[in-house]
Amino acid sequence: MRTPPRFRFWRTVHSHGWSSLAPFEIDRDTRSLGVALRIANGTVVHCSLRGGPHAIIAALTSKNPLRNDERDEIRRQIAGILRVDDDLSEFYAESRRYRKYRWIATSGAGRLMRAGSVFEDAVKMMCTTNCSWSLTQAMVRNLSLELGDRLEGFAAFPTASAIAQTTELFLRKKIRAGYRSPYLLEFARRVASGALDVEGWRHSNLGTGDLYEQVTSVKGMGPYAAGNLLRLLGRYDYLALDSWVRKQYYAKYHGGRKVRDETIERRYEPLGPWRGLFFWLDMTREWLALESPF
DNA sequence: GCGTCCAGGTCTACC
DNA sequence: GGTAGACCTGGACGC
């Protein structure tokens, strides 16, 4: 798959924590990203992805030979996950206007990795709320292992229907989702029934404020989760503050001293609709050390 | 090994 | 509109 100029595979993989959540797995030795994807007809395909100078190289494994249309579907999912088609030229032009952000354009940062579907991103986001990262990893892993379609040793992320058919007790006991269980179940049932078209959020014509309202109307999606999900939808108006980024901000700009959220928001306000992306990259600039040529 | 405390976002009830 | 308490789990800590 051809990639646009300044696309950085490994940087995108490390843009935030998603690559360490099932069904993704990272192989640091080969600098590859593995993922089990489910296509529309229910077939599970394992993809092993590597970055090249101008392309993503994908090795696909499936039970049966894949038809061309199935390969196209996989290609579209991979492009969506790695944000290959996102046009960041306007963002890079904006970053060049500020001396402290010029590194963003030159390093090709700014593509935030996402899941194969908006549903998966939203469920994962709910699983990041009010708990440690290790618990998030456990909940997401349990969802894939218990409810995802399988290919040999790999399991794809479960569909909305698969989660919708479970019970609150199952989600509590087997998934360890705790009090999030009724929220996850209600969300999955609304998506599975067609009452809520979350996949449409990626191409919605709604203004960001209206979309934010729609996202926060889902129980379990508060300001933090909604702000982060909007970033994965290509909307960067919200800072999506949580305890980790607040700590980073306090350390970077106030010697570790706590400040009000309004103070943080004031600093990034002049950066306009890209402020959420500037903020995230500003807080994670040290991750540059993880960078590879691709 | 056991008990206790705390961190982590969101919801709901209440003022 | 703002605030307090509940929700649930894993990890840290003290014994």
Side-chain angles (χ1 to χ4, degrees), chain A residues 16-22 112 114-115 118-147 157-158 160 163-164 166-191 195-196 198 201 208-233 235-252 254 256-266 268 275-277 279-280 283-284 287:
Chain A
H16 60 120
W18 255 209
S19 58
S20 65
L21 295 180
L112 303 182
R114 58 189 178 192
V118 176
F119 174 74
E120 183 178 335
D121 277 330
V123 168
K124 285 176 170 173
M125 209 57 82
M126 283 191 205
C127 291
T128 66
T129 60
N130 203 23
C131 66
S132 62
W133 185 245
S134 60
L135 180 55
T136 297
Q137 288 180 304
M139 284 187 267
V140 172
R141 186 170 55 242
N142 292 339
L143 281 169
S144 286
L145 293 177
E146 293 285 343
L147 301 170
F157 194 80
I163 298 178
T166 66
T167 62
E168 190 181 320
L169 188 65
F170 175 87
L171 295 174
R172 281 180 188 275
K173 299 297 175 193
K174 290 286 187 183
I175 307 301
R176 313 293 293 169
Y179 69 91
R180 301 165 198 79
S181 301
Y183 304 151
L184 290 172
L185 195 56
E186 183 186 327
F187 178 59
R189 286 180 174 166
R190 285 177 68 195
V191 173
L196 187 61
V198 292
W201 287 349
T208 305
D210 291 335
L211 194 54
Y212 177 88
E213 293 300 319
Q214 244 188 58
V215 174
T216 52
S217 74
V218 174
K219 268 190 192 170
M221 298 285 281
Y224 148 81
N228 266 314
L229 186 65
L230 282 171
R231 278 189 198 146
L232 302 186
L233 297 171
R235 315 277 191 128
Y236 305 102
D237 304 56
Y238 295 89
L239 301 190
L241 299 173
D242 67 2
S243 56
W244 186 83
V245 285
R246 284 189 185 97
K247 227 174 272 176
Q248 294 294 117
Y249 181 88
Y250 303 153
K252 184 159 188 165
H254 296 274
R257 185 176 54 85
K258 279 187 183 179
V259 295
R260 291 156 55 90
D261 287 353
E262 290 77 5
T263 305
I264 306 177
E265 280 156 10
R266 255 199 315 276
Y268 295 91
R275 59 189 176 275
L277 191 51
F279 173 62
W280 177 250
M283 294 301 101
T284 58
W287 295 3

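All figures in this text were calculated on a predicted structure; none of them were measured in a lab. Within every chain, numbering begins at 1; the chains are lettered A, B, ... in the order of the sequence lines, protein sequences first and strands thereafter. Heavy-atom basis, side chains included; hydrogens, waters and symmetry copies ignored.
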(request) Scan nucleotides 9-15 of chain B nucleotide by nucleotide, 5' to 3', and note B when protein non-hydrogen atoms come under 4.0 Å of the base, S if they reach only the sugar-phosphate, - if neither. (result) BSSS---
(message) Looking at Glu120(A) and Lys124(A), is any side-chain nitrogen of the basic one under 4.0 Å from a carboxylate oxygen of the acidic one?
(response)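 Here Lys124(A) pairs with Glu120(A) in a salt bridge, since their nearest N and O are under 4.0 Å apart.
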Between [N] ([atom2]) and [X] ([atom1]): distance, integer Å:
{"X": "Met139(A)", "N": "dC8(C)", "atom1": "CE", "atom2": "C1'", "value": "9 Å"}
{"X": "Asn228(A)", "N": "dG8(B)", "atom1": "CG", "atom2": "C1'", "value": "14 Å"}
{"X": "Ile175(A)", "N": "dT9(C)", "atom1": "CD1", "atom2": "P", "value": "13 Å"}
{"X": "Met125(A)", "N": "dG8(B)", "atom1": "CE", "atom2": "C1'", "value": "16 Å"}
{"X": "Lys174(A)", "N": "dC8(C)", "atom1": "NZ", "atom2": "P", "value": "19 Å"}
{"X": "Leu184(A)", "N": "dC8(C)", "atom1": "CG", "atom2": "P", "value": "13 Å"}
{"X": "Gln137(A)", "N": "dG10(C)", "atom1": "CD", "atom2": "P", "value": "13 Å"}
{"X": "Glu168(A)", "N": "dC8(C)", "atom1": "CD", "atom2": "C1'", "value": "12 Å"}

(request) Give a yes/no answer on whether the side chain of Lys247(A) brings an N or O atom under 4.0 Å of OP1 or OP2 in dG8(B). (result)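 So the side-chain polar atoms of Lys247(A) do come within 4.0 Å of the phosphate oxygens OP1 or OP2 of dG8(B), strictly under.
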(message) Is there a side-chain contact between Arg176(A) and the phosphate of dC8(C), meaning an N or O under 4.0 Å from OP1 or OP2?
(response)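 Negative; the distance criterion is not met.
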(message) Counting neighbours of NZ on Lys173(A) that are heavy atoms of other residues, nucleotides or ligands and sit closer than 6.0 Å, is the number greater than 12?
(response)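 Not buried by this count: 12 neighbours or fewer within 6.0 Å.
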(request) Could you verify whether a donor N or O on one side chain and an acceptor N or O on the other, from Thr208(A) and Tyr238(A), lie under 3.5 Å apart? (result)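 No donor-acceptor contact under 3.5 Å links the two side chains.
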(request) Indicate yes or no for a side-chain donor-acceptor contact from Arg235(A) to the backbone of Leu230(A) under 3.5 Å, with no hydrogens or angles considered. (result)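 No, because the side chain of Arg235(A) does not come within donor-acceptor range (under 3.5 Å) of the backbone of Leu230(A).
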(request) For the pair Lys219(A) (side chain) and Arg180(A) (backbone), establish whether a donor and an acceptor sit closer than 3.5 Å, ignoring hydrogens and angles. (result)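 Flag not set: sc Lys219(A) to bb Arg180(A) has no pair under 3.5 Å.
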(request) Look at the rings of His254(A) and Tyr249(A) and say which category their plane angle falls in: under 30° parallel, 30 to 60° tilted, over 60° perpendicular. (result)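 The arrangement is tilted - the two ring planes meet at 30° to 60°.
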